[in-house]
Amino acid sequence: MAATSPKLQLTDELKAELAKLESVSPDKIDDPAIADKLRKGAEEHTEILRRSRELGNRRVYR
Amino acid sequence: MTFSWHRLSSDDDWEKLFPAVRWGEPRAVENTLTYLREHALARSVLVERHYVDRDHRAAFSYFYSRQFRGTPSLCERLHFFASDQEDWDALGGEHAPPASSYLGYVIRRPTASAPIGRSVLAIDAAKVPGARVYCSGRFEPHINDTRFQVDGVPFAQQDSMVMSCAETSIWISARVMSKNFHHPLILPDEITRPEIIGRADHGRLLPSNGLTANQMTHALSALGFEPIHYDWEAFRSSHIDPIETCTPYLVSKIPTILAFPGHAVTACGLIRRAGAPRPDEKVFLHSVHEWIEGLIIQDDSRGPYRIVARDAATHAALRRSDVSSLLITRVPERPSVDRCSCWCARHVEGILIPLPERMYLTGADAQHFAQTVLAPDGLLPALRDILELLAKRGHGDARTFLDAALHQRHGGLVYSVRCRKSVDVRRDFALARPRVREIMRDVPLPRQLWAIEVTTREAFEREEPEQRFLYGELYLDATAHKHADLSQLVLARIVGAMLVRPGLCRGDDTPVISGIPDDACYFRSGIPLWSD
């Protein structure tokens with residue numbers, strides 16, 4: 001791992017602003033809208049696996 | 001004499017290695033020899049007689065010893081070398097061939113219809129330009145007291161008695177998993193058993209008459225894997241790319257079994273050549289699989305290291321290259337409907353993945369996660385706020401990442417997905433900024449993680465691999481519940497911001513975020529299809 005770009009100095013002002021952003025409520029970090037998209041994707045995937053099982057006896061591989 | 005050397009310079013020398021195959025599938029023999037001759041550049045072979053091969057012995061006890069026709073239980077092992085070496089007597093010493101000239105071995109079985117038994121042949125980008133065979137493992141055969149090394153993927157021809165293509169693809173996959181994930185060794189007779197196949201609704205199991213996808217899935221489960229099976233018709237409306245499905249597993253050293261009409265093979269690697277067509281520049285979120293031209297497969301009836309191109313156009317381009325002898329051609333069954341004269345990825349009708357234990361989250365789940373959280377409206381607001389603050393204060397890398405993710409600059413984002421061990425992830429953070437290392441130190445991680453590594457397209461396509469910097473990395477708990485929402489994300493680091501869940505192993509999924517102003521993008525070696 002080799003760093004590349006110049007670093008930003010951590011001034012007191014920046015430190016205070018970051019502290020404010022870091023203290024955001026945990027339920028606002030895990031965005032419900034994004035979580036909902038993930039849930040829908042997982043459900044679709046589960047359904048594909050279920051249908052695949054139904055179709056899994058049709059063909060023989062030899 | 002147990003050992004004898006043979007020079008391989010004329011057609012006659014090569015033809016003597018395998019007497020004519022009287023029935024069965026001669027293409028596997030021809031293609032194995034062609035690979036050794038044209039790609040591995042073999043120049044001599046040491047024949048080791050009276051070789052006791054575990055796999056043939058197992059098949060012999062299970063089937064061949066019960067036939068009236070006598071079949072020997074011993075095999076021969078052919079060791080191939082890239083050098084002319086005829087003065088070594090297999091007793092070690094200074095005349096031993098240089099280790100670098102060893103190209104692998106082929107077990108010559110005493111079965112006339114399928115003489116190629118367990119084989120491991122060397123493969124790398126020097127032998128097959130563009131080849132990235134991530135499933136290959138290191139094998140160390142010894143000739144008396146001299147040990148050689150070969151990096152390759154096990155292969156065997158189907159004998160259509162104990163093993164058809166279905167059983168052979170399971171056997172090859174199991175061998176790869178044994179090498180890469182310490183799975184117990186599986187012998188041929190252990191696959192073709194009623195308790196392993198589970199359902200005998202297609203008739204008797206011996207001689208093998210092939211298996212259905214459900215039987216193969218059951219067999220993989222009974223052998224200790226946690227397989228998943230996709231049938232292409234199950235996707236209905238959505239367009240699914242077999243290369244997209246296979247890539248996260250192949251780059252994680254997990255083979256995938258591909259089901260073509262009537263025939264199963266094992267995918268073990270990928271082809272990505274310099275100068276290959278590039279993905280659409282009007283799309284701003286890409287996965288590395290879009291740069292792949294084809295899959296490298298072990299085809300038990302056509303030979304080792306065959307190439308299945310992405311599509312007919314890619315097949316045509318590869319035919320004009322130096323890998324043309326590895327491509328698979330075919331005669332269309334119904335030319336009025338399908339005139340394609342090659343096997344390509346669009347002909348795949350199913351995929352089986354022999355996942356190792358406790359990998360509950362799949363590669364597809366990880367890809368969906370990447371596509372969701374790296375989309376312009378998907379970046380977690382808490383991380384975005386920190387990156388915007390840093391960018392406003394002059395953090396160039398944070399600005400570059402935000403511009404690529406939110407404003408379609410720098411060509412947008414490119415990501416790759418692979419499964420990694422937590423110890424390897426931690427090792428990669430060893431040279432990170434002190435604050436990043438401090439955070440990492442106090443965060444327990446599961447043993448296996450799905451890693452999503454992110455950069456800009458501009459950085460990804462740089463000529464020098466050392467300039468292809470990493471801008472972000474997200475890690476998902478491979479043991480997470482499939483409906484775990486965002487709590488599957490156990491660690492995220494995007495230049496200047498981090499998210500961790502230090503209490504997750506105690507049942508507390510509360511995220512903790514941190515701003516790290518001195519963080520920067522960096523080069524990481526070994527990212528598949530990127531910096532490897």
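This one's a predicted model, so the numbers in the text were calculated from it and none came from an experiment. Just so it is clear: chains get the letters A, B, ... in the order the sequence lines come, proteins before strands, and each one is counted from 1.
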Engineer: Which atoms of A:Glu43 come close to chain B, meaning under 4.5 Å heavy atom to heavy atom: side chain ones, backbone ones, both, or neither?
Structural biologist: both
Engineer: Are any side-chain N or O atoms of A:Arg62 and backbone N or O atoms of B:Asn209, one a donor and one an acceptor, separated by less than 3.5 Å?
Structural biologist: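 Such a contact is found between A:Arg62 side chain and B:Asn209 backbone.
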Engineer: Give me the atom names and distance for the closest heavy-atom approach of B:Gly378 to A:Ile34.
Structural biologist: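 Taking every non-hydrogen atom into account, O-CD1, 2.9 Å.
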Engineer: Would A:Leu14 and B:His395 satisfy side-chain contact (heavy atoms from CB on, under 4.5 Å), going step by step from the backbone distance to the final call?
Structural biologist: CA-CA 12 Å; A:Leu14 179 57; B:His395 194 296; over 6 Å; no
Engineer: B:Met163 versus chain A, heavy atoms under 4.5 Å apart: side chain, backbone, both or neither?
Structural biologist: neither
Engineer: How long is the straight-line distance from CG of B:Asn214 back to CG of A:Leu55, given to the nearest 0.5 Å?
Structural biologist: 9.0 Å
Engineer: Give, as side chain, backbone, both or neither, the part of A:Ser23 having an atom under 4.5 angstrom from any heavy atom of chain B.
Structural biologist: neither
Engineer: Test B:Lys392 against A:Glu17 for salt bridge (charged side-chain N to carboxylate O under 4.0 Å, His left out), laying out the working first.
Structural biologist: CA-CA 12 Å; B:Lys392 201 167 74 181; A:Glu17 285 188 85; 5.0 Å; no
Engineer: If every non-hydrogen atom of B:Thr212 is compared with every non-hydrogen atom of A:Gly56, which pair is closest and at what distance?
Structural biologist: CB-O, 3.5 Å
Engineer: For B:Glu233 and A:Arg58, run salt bridge (charged side-chain N to carboxylate O under 4.0 Å, His left out): C-alpha distance rounded to whole Å, both residues' side-chain angles, the deciding distance at 0.1 Å, then the answer.
Structural biologist: CA-CA 11 Å; B:Glu233 285 187 30; A:Arg58 291 177 309 158; 3.0 Å; yes
Engineer: Apply side-chain contact (heavy atoms from CB on, under 4.5 Å) to A:Val60 and B:Leu211, showing your working.
Structural biologist: CA-CA 5 Å; A:Val60 176; B:Leu211 302 175; 5.8 Å; no
Engineer: If I measure from the heavy atoms of chain A, does B:Thr372 come under 4.5 Å with its side chain, its backbone, both, or neither?
Structural biologist: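 Side chain only.
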Engineer: When only pairs under 4.5 Å are counted, which of B:His263, B:Gln371, B:Gln488 shares the most heavy-atom pairs with chain A?
Structural biologist: B:His263
Engineer: Going from OG1 on B:Thr510 to CD1 on A:Ile29, what distance comes out if it is rounded to the nearest 0.5 angstrom?
Structural biologist: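 Rounded to the nearest 0.5 Å, the OG1-CD1 separation comes to 9.0 Å.
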Engineer: Once salt bridge (Lys or Arg N to Asp or Glu O under 4.0 Å) is applied, what residue pairs with a partner in residues 376-389 of chain B remain, sequence neighbours excluded?
Structural biologist: A:Lys37-B:Asp377
Engineer: Does a donor on one side chain and an acceptor on the other come within less than 3.5 Å for A:Tyr61 and B:Glu349?
Structural biologist: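 Distance-only check passes for A:Tyr61 and B:Glu349.
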Engineer: For B:Thr362, is it the side chain, the backbone, both, or neither that has a heavy atom closer than 4.5 Å to a heavy atom of chain A?
Structural biologist: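 The side chain, not the backbone.
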Engineer: Please report the shortest heavy-atom distance between A:Ala35 and B:Leu486, naming the atom on each side.
Structural biologist: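 That closest heavy-atom pairing would be N-CD1, 4.2 Å.
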Engineer: Assess the pair A:His45 and B:Tyr230: is the distance between their ring centroids shorter than 6.0 Å?
Structural biologist: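 Yes, the ring of A:His45 comes within the 6.0 Å limit of the ring of B:Tyr230, centre to centre.
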Engineer: By a 4.5 Å heavy-atom criterion (distance strictly below it), what part of B:Glu167 contacts chain A: side chain, backbone, both, or neither?
Structural biologist: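 Neither; nothing under 4.5 Å.
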Engineer: Would you compute the distance between atom CZ of B:Phe369 and atom CG of A:Leu38 and round it to the nearest 0.5 angstrom?
Structural biologist: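 So the gap between those two atoms works out to 5.5 Å.
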Engineer: Does the salt bridge (charged side-chain N to carboxylate O under 4.0 Å, His left out) test come out yes or no for A:Arg53 and B:Asp231, once each step is laid out?
Structural biologist: CA-CA 8 Å; A:Arg53 200 165 57 234; B:Asp231 186 296; over 6 Å; no
Engineer: For the pair B:Asp485 (side chain) and A:Asp36 (backbone), establish whether a donor and an acceptor sit closer than 3.5 Å, ignoring hydrogens and angles.
Structural biologist: no
Engineer: Is it the side chain or the backbone of B:Leu390 that comes within 4.5 Å of chain A heavy atoms, both, or neither?
Structural biologist: both
Engineer: Rounded to the nearest 0.5 Å, what separates atom NZ in A:Lys20 from atom CG in B:Leu389?
Structural biologist: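 It is 10.0 Å, given to the nearest 0.5 Å.
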Engineer: Using modelled atom types only, decide if a donor and an acceptor are shared between the side chain of A:Glu22 and the backbone of B:Gly515 within a distance under 3.5 Å.
Structural biologist: yes
Engineer: So which atom in A:Ser52 and which in B:His229 form the shortest heavy-atom distance, rounded to 0.1 Å?
Structural biologist: CB-O, 3.2 Å
